[in-house]
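Positions are given from 1 along the sequence. Just so you know, these numbers come straight off a predicted model, no measurement behind them.
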Amino acid sequence: MYVASFLVILVSIFGAYNLNLFNNQPNSVTTTNVRRTDHLPLMPSDPAQVRILTQNMFMRPPLIKNNKSDWKDGRLDYFIEHILPNYDIVCLQEMFEYASSRRARLFAAAEKLGFAFYVASERKFLWHAAIDGGLVILSRLPVVHAETITYQRGMGPDWLAQKGVLYAKVAVKPDGEDGETSHMHVFTTHTQASYGDVVITQPDVKRRLAQLHEFHNFLEDVLPKHRSKGEPVVLTGDFNVDSRNHVLSDPETVKYEREVEDGIHISDEGAAMMSVLRGYGIDPKVLGPENTDTFKGKVILDFHDSLKERLGYHPVTFGNTIVDEKGVVHPRETILTTRQDNEVMHSIDYVLWYNPDDKEHSRGIIASLEDVGVTPNFTPGQSFTQISDHYGVAADIRFNVTK
C-alpha cells in the first residue's frame, strides 16, 4: 500500500513538472476555454462533407500497462501521422492527460494539421483524488459552444477517472465561408467499464446505465438551448455496453462465434442502453428483483444505432478474433489487450444519430449520414498491430443546401 501511494505521488509530481505546472502555464483547454488558431484554415477541403472518427486511444497514465508495453508514444506518433489527417472531427476516449505530456503533444500536432479547435476533459492532479476523464474533441470546423458533465463516480478502477460527456456545437458552412451556416451537435462519452464476465444484474451494469441516464438528462438540457430544427446530433464514444448477445446461430455446424452471423441480435444490456438514451427507460426488474430505478427521461429522443442499421449486425470493436484454415480461433490482437479480453468479441464503440426533422432546417440545409463503419486502424510495420485495443468507428456526414 505504501509503495503504491509513493508511486502515485511520484507520478503526480512528475506530471506537474512535465506539464510545466510549476512555471504557472495556462490551464489546459477545457469546455470553458475553447482554443482556436485563426491563421489555420477553418474548413475542410469539401465544406459540405464532414468525416468524423471516434476512437478509444488506450492512452493511460504512465506506469500503467497490460503486457510488456502499451507502446504509448509509438502509437500516438502513428496516430498523428497516419490517422488524424483523414478526418475533420475526431472524438477520443482514454486520451488521459494525468502525469503525461502526450495530450499536449497531440494538441500541438493537431494544430499544425489544421485542427483549429479542441475541447477536452479538465486536468486533474493528486490533490483532486482523481484523474481526468480522458475525453477530447478535435475539430477543423469552428466550435461555437461547448459544455461538459462529470458522471457520478465509477466503481472499482473506474473510481479514479472523472468520466463524463463532452459536447461541442460545430458550425458547418456547406457552401463555403460566404454561405449559410448549420451546426452539428457532437457528443463523446466514456462510461463505467466491466471487468470479466458481464451479467446485467451486477452493480457495475447498473452504475453504467445510471451514467447513461445522466447522459440523456444532459441531452435534454443542452439540445433545446442550442439545437435548431434540422441540425444533426451525433453521440460517439466507448459506451462499454456490449450489444452482441453471443448466442451461436448455428452451433451444430459452427462451434465458434462469427462476427456477422452471430451479431444480428441485440443483448439485453444493449437494448437497455438504447432505451435509456432515448428516454424510454427500462423495466426496473431487468436489473434484479430489488431494483426500482427505471432511468426514464422526460423527453423522447429517438437515436439510431447507425452501425447496426447500416451493417445489419453489431460489429466487433474490442477483442476480435481470426479463424485459421483449420477452423481454430485465435485472438486478433495480443500486444495491448489483456489475456482475459483477447477473444471476447464485444461491440462497445458507437456512433448514434439523431435528426428527426432533417427537412425543416430554416435555411434549407439537409444533413444526412452517408456512411458509417468500423475502422480497425491497423498499424503495419510497427511493434504494435493496431492503434489501440479498441477499433475506431468512422462516419461521413453530408450537408446539402436545397434553397
Discussion item. If only side-chain N and O atoms count, and only distance matters, is there a donor-acceptor pair under 3.5 Å linking R60 with N66?
Written reply: yes
Fill in: Closest heavy-atom pair and its distance - S267, D242
OG-O, 2.6 Å
Practice prompt. Determine yes or no for a side-chain-to-main-chain donor-acceptor pair under 3.5 angstrom, with T321 supplying the side chain and H330 the backbone.
Written response: no
Fill in: side-chain contact (heavy atoms from CB on, under 4.5 Å) evaluation trace for L277 with F215
CA-CA 7 Å; L277 283 173; F215 193 173; 3.9 Å; yes
Item to complete: Considering non-hydrogen atoms only, spot the tightest contact between V136 and R103 and give its length.
Response: CG2-CD, 3.9 Å
Fill in: Exercise: identify the closest heavy-atom pair between I149 and E214
CD1-O, 3.8 Å
Worksheet entry | F107 and Y118 aromatic ring geometry - parallel, tilted or perpendicular at 30°/60° bounds | parallel
Fill in: Donor-acceptor pair, side chain of D132 and main chain of Y98, under 3.5 angstrom
yes
Worksheet item: Do H346 and H314 have their ring centres less than 6.0 Å from each other?
Response: no
Worksheet item: F239 and side chain to side chain contact (heavy atoms under 4.5 Å, CB included): which partner among I348, D349, L212?
Response: L212
Worksheet item: Regarding S194 and D204, is there a side-chain donor-to-acceptor distance under 3.5 Å anywhere?
Response: yes
Worksheet item: Under a 4.0 Å N-O cut-off, is there an ion pair linking D77 with R105?
Response: yes
Discussion item. Can a donor-acceptor pair be found, under 3.5 Å and without considering hydrogens, that links the side chain of Q93 to the backbone of N56?
Written reply: yes
Item to complete: Please test T385 against F378 for side-chain contact (heavy atoms from CB on, under 4.5 Å), starting from the C-alpha separation and ending with a verdict.
Response: CA-CA 6 Å; T385 57; F378 295 134; 5.7 Å; no
Worksheet item: Between S69 (side chain) and W71 (backbone), is there a donor-acceptor pair under 3.5 Å?
Response: yes
Fill in: Nearest atoms (heavy-atom pairs only) where V241 meets Y350
O-OH, 2.6 Å
Fill in: Residue pair H183, R227: steps toward the side-chain contact (heavy atoms from CB on, under 4.5 Å) verdict
CA-CA 8 Å; H183 298 92; R227 178 184 179 268; over 6 Å; no
Practice prompt. Indicate the atoms forming the closest heavy-atom contact of L53 with F79, along with that distance.
Written response: CD2-CE1, 4.2 Å
Practice prompt. Looking only at non-hydrogen atoms, find the nearest pair between Q162 and K124 and report the distance.
Written response: CG-CE, 4.1 Å
Item to complete: Give a yes or no on whether a salt bridge exists between K326 and D324, defined as a side-chain N under 4.0 angstrom from a carboxylate O.
Response: no
Worksheet item: Parallel, tilted or perpendicular: which describes the rings of F187 and F218, with under 30° parallel and over 60° perpendicular?
Response: perpendicular
Practice prompt. Verify, without hydrogens or angle tests, whether Q211 (side chain) and Q192 (backbone) share a donor-acceptor contact under 3.5 angstrom.
Written response: yes
Worksheet item: Is a donor on one side and an acceptor on the other found under 3.5 Å between the side chain of R102 and the backbone of M95?
Response: no
Practice prompt. Could I get the full list of side-chain contact (heavy atoms from CB on, under 4.5 Å) partners for Q340, not counting sequence neighbours?
Written response: T338
Discussion item. Quiz question: by atom type and distance under 3.5 Å, do the side chains of R332 and T337 form a donor-acceptor pair?
Written reply: no
Worksheet item: Can you tell me if Y313 and S347 form a side-chain donor-acceptor pair at under 3.5 Å?
Response: no
